[in-house]
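As a basis for the values below, the full set of heavy atoms in this structure was taken, side chains included, without hydrogen atoms, waters or symmetry mates. Residue indices begin at 1 and follow the sequence shown.
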Amino acid sequence: LLVKNTFTGVVLEETIGGVKNPKRYIRGMSKTAKKHFINRKDCPVKNHFIGLPKWSREDAVKAFDSYLWSQHQKDTIEKPAKDWFNARVKELMAGHNIDLVDDIPTIKGEEDSHGYTLKKYIELLAKEL
């Protein structure tokens, strides 16, 4: 990848030759965070336990955590979810930060979002490689 680096080179004064410093690119990876919305209907790792009658958000997050780790132990994670995880692992290994965005106003701790479970799972998969 080529990443724009505006700090490369010396800026030439316009009075000397009338040339502006061209944009330069260096080899490397962008460290910008890539946002992934994890509770949208088209996301394969959506928490399907949220919204069940008489379930609090904390109960839904705990249920998702148990579900994901049991699926990992049995090696029965569905293909769309497995492909999503593999893509996130590749991004992480390439040096990108991954921003897992849940559609709630505030997150106070790990019991509020299943994104923490996803993060731990992605890091585990990255370590296994």
Side-chain angles (χ1 to χ4, degrees):
L1 271 177
L2 295 176
V3 180
K4 188 187 314 182
N5 183 2
T6 57
F7 301 111
T8 304
V10 178
V11 177
L12 299 173
E13 295 179 13
E14 289 185 18
T15 57
I16 304 174
V19 179
K20 292 183 178 180
N21 185 24
K23 300 246 186 246
R24 300 195 187 275
Y25 293 86
I26 59 170
R27 291 216 174 268
M29 295 301 292
S30 167
K31 300 296 182 194
T32 58
K34 295 186 176 223
K35 292 186 179 189
H36 301 282
F37 294 90
I38 57 174
N39 247 358
R40 302 276 169 94
K41 64 181 179 179
D42 59 341
C43 183
V45 293
K46 175 182 171 182
N47 189 347
H48 298 285
F49 298 103
I50 290 179
L52 292 177
K54 299 182 182 179
W55 279 51
S56 68
R57 185 164 188 88
E58 185 177 327
D59 293 336
V61 170
K62 285 180 183 177
F64 180 82
D65 185 58
S66 299
Y67 170 76
L68 179 65
W69 292 108
S70 68
Q71 293 297 312
H72 173 72
Q73 288 176 344
K74 296 174 189 175
D75 196 26
T76 57
I77 295 178
E78 297 174 359
K79 183 166 175 27
K82 192 176 278 194
D83 292 342
W84 189 90
F85 283 121
N86 289 336
R88 301 301 77 79
V89 168
K90 286 179 184 177
E91 289 174 6
L92 185 65
M93 299 295 284
H96 292 283
N97 295 322
I98 299 172
D99 189 8
L100 301 175
V101 181
D102 204 344
D103 292 328
I104 58 176
T106 58
I107 297 175
K108 298 175 186 162
E110 292 188 18
E111 66 277 353
D112 290 337
S113 175
H114 72 290
Y116 291 100
T117 302
L118 296 174
K119 176 185 170 276
K120 290 175 189 173
Y121 187 66
I122 291 167
E123 290 172 349
L124 173 83
L125 292 176
K127 287 179 185 176
E128 288 179 353
L129 290 179

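Legend: residues meeting side chain to side chain contact (heavy atoms under 4.5 Å, CB included) with Ala126, ordered by chain and number and at least two apart, are Val89, Leu92, Met93. For Asp83, the side chain to side chain donor-acceptor pair (under 3.5 Å) test picks out Lys79, with sequence neighbours left out.
Chaining together hydrophobic side chains whose heavy atoms lie under 4.5 Å apart places Ile107 alongside Ile104, Tyr116. Listed by chain and number, the hydrophobic cluster partners of Phe37 are Val101, where partners are ILVMFWY side chains within reach of under 4.5 Å, directly or through others.
Here Ile98 contributes atom CD1 and Lys35 contributes atom NZ; the two are 14.5 Å apart, rounded to the nearest 0.5 Å. Between atom CD of residue Glu91 and atom CG of residue Asn86 there is a gap of 11.5 Å, rounded to the nearest 0.5 Å. Summarising the geometry, atom CD belonging to Glu78 is positioned 7.5 Å from atom CD belonging to Gln71; distances are rounded to the nearest 0.5 Å.
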Report, one line per pair, each donor and acceptor closer than 3.5 Å where one atom sits in a side chain of residues 117-124; sequence neighbours left out.
residue	atom	partner	partner atom	Å
Thr117	OG1	Asp65	OD1	3.2
Lys119	NZ	Glu123	OE2	3.2
Lys120	NZ	Glu110	OE1	2.9
Tyr121	OH	His72	ND1	2.9

Pairs of donor and acceptor atoms involving the side chains of residues 42-52, under 3.5 Å and at least two apart or interchain, shall be tabulated with distances.
residue	atom	partner	partner atom	Å
Asn47	OD1	Phe49	N	3.0
Asn47	ND2	Ala60	O	3.3

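Partner of His114 under the ring-ring contact (aromatic ring centres under 6.0 Å, His included) criterion, out of Tyr67, Phe64, Trp69: Phe64 alone.
Counting only heavy atoms from C-beta outward, the side chains of Lys82 and Asp75 approach each other to under 4.5 Å.
Side-chain N or O atoms of Asp112 include one that pairs as donor or acceptor with a backbone N or O of Lys108 at under 3.5 Å.
Ser113 and Ile38 make their closest contact through OG-CD1, 4.2 Å (heavy atoms, listed as atom of the first residue, atom of the second, distance).
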Chi angles and distances behind the side chain to side chain contact (heavy atoms under 4.5 Å, CB included) call for Glu111, Val61: CA-CA 6 Å; Glu111 66 277 353; Val61 170; 5.6 Å; no

